[in-house]
Amino acid sequence: MNHLPRLLAKLCVAAVALATALPAVHAAQPAKRPNILLIVADDLGYTDLGAYGGEIATPNLDRLAAGGAKLTGFYASPFCSPTRAMLMSGSDNHLVGFGDMAELILPEQRGKPGYEGYLNERVVPMGQVLKDAGYRTVMAGKWHLGVKEEVSPAARGFERSFAMVLGGASHWGDQSGIVALDPAKPPKAIYREDGKSVELPREGFYSSEAFATKLIDYLKADAASGKPFFAYLAFTAPHWPLHAPDEDIAKYAERYKDGYDALRRTRLERMKALGLVAADTPVYEGHPYWPKWESLSAAQKVSEARRMAVYAAMVDNMDRQIGRVLDHLRQTGELDNTFVFFMSDNGADGNSVYDVARTREWIHKDMDNSTPNIGRPGSFAEYGPGWAQVGMTPFKLYKSMLYEGGISVPAIAWGPGIDGGSVKREFAHVMDIAPTVFELAGAKHPGTSYQGREVLPLRGKSMLAYLKNGASAVRGADEAIGWELGGRKALRKGDWKIVFANQPWGTGEWELYNIAKDRTESENLAARHPEKLKELLAAWRQYVAETGTLEIEGLAARPGYSNGAKYYEDIALEAATSGKADTRAAAGK
C-alpha cells in the first residue's frame, strides 16, 4: 500500500501547526513603556547638591547622579515661570505666554502674543501629550503657569494634581502669600487640587513633605490600571521664605558661621576634585556691589548664618522627600523602569521680594524675623546675594541675570540605558526635556495642529541619543539659543555667548564671552572680536523675529524685584528686633 499521500498529509498538518505555534513561542513581548518622574527644585543653586560640590546632605540625589548622568552644561531661564513654561511646552517662553513674569508684565507688554501670563492655547503641554499617549499623569507642587481653574494643571493634561499655582508661598499651613499690595491685607497663596481651590490644614503641613505625600498617594490610587505614569514633582523649596522644621535646621546651626568667602572656596575645590570644573578655574569673588563677609556687623553675620542654615535644611528635607518617592517606586517594582530627570528652575536667588509693591511694610509689620525665629512659622526671610553668589560658584551672579549664574542649573538624568556616573558637559536646554520625554514614551507631539486649532511645534531637541547612545551633542555648533527676560538678554551660539545687562550688573552694552574657555565670564571680548559680536547680534535679531520678543528701552532698569539694594539694611533692622511679632503672624494665622 502506498502510504505517501497519508504521510504528506500528516506532514502538512504538522507544518501548519508548527507555523501557527512559532509566533506565540518566539514573538518578543512588547516592551513596557517607561515611567517618567520629573523633579524640579525652586531656586536651587548650582553647587548646593553634594554631587555638584556642596556640603548639604543630599544622599538621594547624589545616588541618582552616581547611577546616572550629571548634565553640567544644562540651561534654564533666569526666572521660575518662564522655565516651567518652556519645560511643559518644549518651546520658547516668549511664544508660550511668559515673555515676562506674569507678576511683572507692563502695559506695553500686556495683551501682546506670548505675554499672556499663563501657558497659552498655542501649547499642547507635556501632560496632555502623554495623557493622549496612554500615560496616567499626576503632579504635585508649584505650577506658576496660570492661576485660574481653566489654566490649572487639571486643564492642561494632568489627571490628578495638587498645585500651589502662584510664584511662591509660605511653606507652612498658614497659606501666606509672598507679595503684599496693601500691608493691612496679608496676601494668601492659592492651592488647587484637581483644579478646585482648597484650604491647607493649619497643622502638620510642610510643603516638601506634603507634595511628596500627594504624589505617592496619586501613584498608589491608579496603580492597578497598568498604565505607565508621568509624575511631575515640583517643589517650592528652597525658594524663600526660608522655612524648615527645627530638627533639620539644627543639623546646620553651626555650619555657616565662617561666611560666604570661605564656603565659596571650599565648594570650588570640591568641584575641582569631582572633575566638574578645570583645575585652573578661578574663584568668582562676588559682585563688588555687595559687601564682603568681613564688613558685616556681628548681628548681621549671625542672622546670615541662620538664614543659610535654614536654606540648607530646606534642601536636606527636599532630598529626603525625593527619597520617599524613590523608595515607593522601588517597593512597587517600578523604579527600574522609571526615567528620572531632576533640575533646578534657575540660578540661586540673590534678589529681594521686599522691593515689590508694599511687601517690605507688610513683612516688617507682621513677621518676626528676629534671628532665632528665622525659619519658623511667622517668619519671612530671604537668603540674599552673598549666599546666592556662593550657590552659583564658580559662575557670575545669580537668578534674574543672564550671565551663567542666572541660567546654569544642576541637572541629573537617571534611568535605563544611561551610563552611571557620567558627566555630560555639552550644551542642553530646558526646552529639550519635552522632546526627550516624548521619545522615551513613544509619544508624538501633534506638530502644528491639535483638536482643530493651530499650535506651536517643538523648538527643543531630544537629548536621548546624547544621554544613551553616544551622540556627541544635542544640537549643532551653528544653532543659536536666545534668552530675554525683563530687558536682560543673551544668546549662545557654539562656544560663544553675548550678554546684555544693565548697570551696575553689566556694562549696559552687549558683552561677548567664549564660554568654552571662560565660563565664569571674566573677560569681555567684544572689543577684540567685533566680527564675532556682529555674527551673534545677527543671530539675536533672528531670534527676536522668530519669538516675538519685545525689546523695550530701559526695561532692565525698572524698579522692583531684581535688585535687593536694601537687603543688608533689612537684616540689620530685623536682627535688632525684640523677637515680639504681631500676634496674627506669630500664631501662623
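In this text the structure is predicted, and so the values were computed from the model without any measurement.
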Next on the checklist: Tell me if a side-chain donor or acceptor on Gln109 pairs with a main-chain N or O of Leu106 at a distance below 3.5 Å.
Outcome noted: yes

Checklist entry - Is Arg519 salt-bridged to Glu404, going by a charged N under 4.0 Å from an acidic O? => result yes

Item to check | Ile322 side, atom CD1; Asp327 side, atom CG - distance, nearest 0.5 Å | outcome: 12.0 Å

Checklist entry - Taking only residues two or more places apart in sequence or in another chain, which ones pass side chain to side chain donor-acceptor pair (under 3.5 Å) with Thr58? => result Asp62

Checklist entry - Would you say the side chains of Thr547 and Asp92 form a donor-acceptor pair under 3.5 Å? => result no

Checklist entry - Between CD1 of Ile481 and NZ of Lys497, what distance do you get to the nearest 0.5 Å? => result 13.0 Å

Next on the checklist: How long is the straight-line distance from CZ of Arg453 back to OG1 of Thr448, given to the nearest 0.5 Å?
Outcome noted: 12.0 Å

Checklist entry - Between Ser161 and Arg192, does any side-chain donor sit less than 3.5 Å from a side-chain acceptor? => result no

Checklist entry - So, Asp48 side chain and Gly45 main chain: donor-acceptor pair closer than 3.5 Å or not? => result yes

Item to check | side chain to side chain donor-acceptor pair (under 3.5 Å) involving Tyr383 - partner list, sequence neighbours excluded | outcome: none

Next on the checklist: So Phe235 and Leu44, do their side chains get closer than 4.5 Å, heavy atoms only?
Outcome noted: no

Next on the checklist: Main chain of Phe98, side chain of Asn93: is a donor-acceptor contact present, judged purely on distance under 3.5 Å?
Outcome noted: yes

Checklist entry - Quick check: does any side chain N or O of Asn346 sit under 3.5 Å from a backbone N or O of Cys80, one acting as donor and the other as acceptor? => result yes

Item to check | Ion pair check, Asp174 and Arg202, cut-off under 4.0 Å | outcome: no

Checklist entry - Is the backbone N or O of Gln175 less than 3.5 Å from a side-chain atom of Ser170, with the two atoms forming a donor-acceptor pair by type? => result no

Item to check | Asp319 vs Pro59 side-chain heavy atoms within contact, under 4.5 Å | outcome: yes

Checklist entry - Quick one: side chain to side chain donor-acceptor pair (under 3.5 Å) partners of Asp194, sequence neighbours excluded? => result Arg160

Next on the checklist: With rounding to the nearest 0.5 angstrom, report the NZ to CG distance, Lys70 to Leu61.
Outcome noted: 12.0 Å

Item to check | Min side-chain heavy-atom separation Lys489-Val499 under 4.5 Å | outcome: no

Next on the checklist: Given 3.5 Å as the limit, does a donor-acceptor pair link the side chain of Ser462 with the main chain of Leu464, or not?
Outcome noted: yes

Checklist entry - What residues form a side-chain contact (heavy atoms from CB on, under 4.5 Å) with Ala312, not counting sequence neighbours? => result Ile56, Tyr252, Tyr256

Checklist entry - Taking 4.0 angstrom as the limit, do Glu209 and Arg324 come out as a salt bridge? => result no

Next on the checklist: Under a 4.0 Å threshold between the charged nitrogen and the carboxylate oxygen, would Arg110 count as salt-bridged to Glu116?
Outcome noted: no

Checklist entry - So, does Arg136 use its side chain to make a donor-acceptor pair with the main chain of Leu219 at under 3.5 Å? => result yes

Next on the checklist: For Thr549 and Trp483: C-alpha separation, side-chain torsions, deciding distance, then whether side-chain contact (heavy atoms from CB on, under 4.5 Å) applies.
Outcome noted: CA-CA 9 Å; Thr549 297; Trp483 293 263; over 6 Å; no

Checklist entry - Which pairs with one or both residues in residues 216-234 pass side chain to side chain donor-acceptor pair (under 3.5 Å), sequence neighbours excluded? => result Glu193-Tyr218

Checklist entry - Is the closest side-chain heavy-atom distance between Asp349 and Trp240 below 4.5 Å? => result yes

Item to check | Test log, rule side-chain contact (heavy atoms from CB on, under 4.5 Å), inputs Met126 and Ile433 | outcome: CA-CA 10 Å; Met126 188 189 299; Ile433 294 178; 4.2 Å; yes

Next on the checklist: Given 3.5 Å as the limit, does a donor-acceptor pair link the side chain of Thr137 with the main chain of Gly157, or not?
Outcome noted: yes

Item to check | Under 3.5 Å side-chain donor-acceptor pair for Thr83 and Asp345 | outcome: no

Checklist entry - Are the side chain of Ser408 and the backbone of Gly405 linked by a donor-acceptor contact shorter than 3.5 Å? => result no

Checklist entry - Applying side chain to side chain donor-acceptor pair (under 3.5 Å), which residue pairs with at least one partner in residues 147-157 are found, sequence neighbours left out? => result Glu149-Lys196

Item to check | Step-by-step side-chain contact (heavy atoms from CB on, under 4.5 Å) determination, Lys188 to Ser176 | outcome: CA-CA 5 Å; Lys188 183 177 181 180; Ser176 174; over 6 Å; no

Next on the checklist: Once ring pair (Phe, Tyr, Trp, His ring centres under 6.0 Å) is applied, do any residues pair with Phe427, and if so which ones, sequence neighbours excluded?
Outcome noted: Tyr75

Checklist entry - Would you call the rings of Trp540 and Tyr543 parallel, tilted or perpendicular, where under 30° means parallel and over 60° means perpendicular? => result tilted

Checklist entry - Should the pair Phe205 and Tyr191 be assigned to parallel (<30°), tilted (30 to 60°) or perpendicular (>60°) ring geometry? => result perpendicular

Next on the checklist: Looking at Val151, is its backbone amide N or carbonyl O close enough to the side chain of Trp143 to form a donor-acceptor pair, meaning the two atoms are under 3.5 Å apart?
Outcome noted: yes

Checklist entry - Excluding sequence neighbours, so at least two apart, what forms ring pair (Phe, Tyr, Trp, His ring centres under 6.0 Å) with His144? => result none

Next on the checklist: Taking the ring of Tyr403 and the ring of Tyr398, is the distance between their centroids below 6.0 Å?
Outcome noted: no

Checklist entry - Charged N to carboxylate O below 4.0 Å: is that the case for Arg475 and Asp432? => result yes

Next on the checklist: Between Gln321 and Asn317, does the side-chain hydrogen bond (donor to acceptor under 3.5 Å, both in side chains) criterion hold? Intermediate values first, please.
Outcome noted: CA-CA 6 Å; Gln321 307 315 317; Asn317 189 290; 3.1 Å; yes

Checklist entry - ring-ring contact (aromatic ring centres under 6.0 Å, His included): which pairs involve residues 450-478, sequence neighbours left out? => result none

Next on the checklist: Taking side chain to side chain donor-acceptor pair (under 3.5 Å) as the cut-off, I'd like each qualifying pair that reaches into residues 410-428, sequence neighbours left out, listed once.
Outcome noted: none

Next on the checklist: List the residues meeting side-chain contact (heavy atoms from CB on, under 4.5 Å) with Thr47, not counting sequence neighbours, and say none if there are none.
Outcome noted: Arg267, Met271, Thr393

Checklist entry - With sequence neighbours left out, what residues match Tyr46 under ring pair (Phe, Tyr, Trp, His ring centres under 6.0 Å)? => result Tyr52, Phe395

Checklist entry - Which of parallel (below 30°), tilted (30 to 60°) and perpendicular (above 60°) describes Tyr115 and His94? => result perpendicular

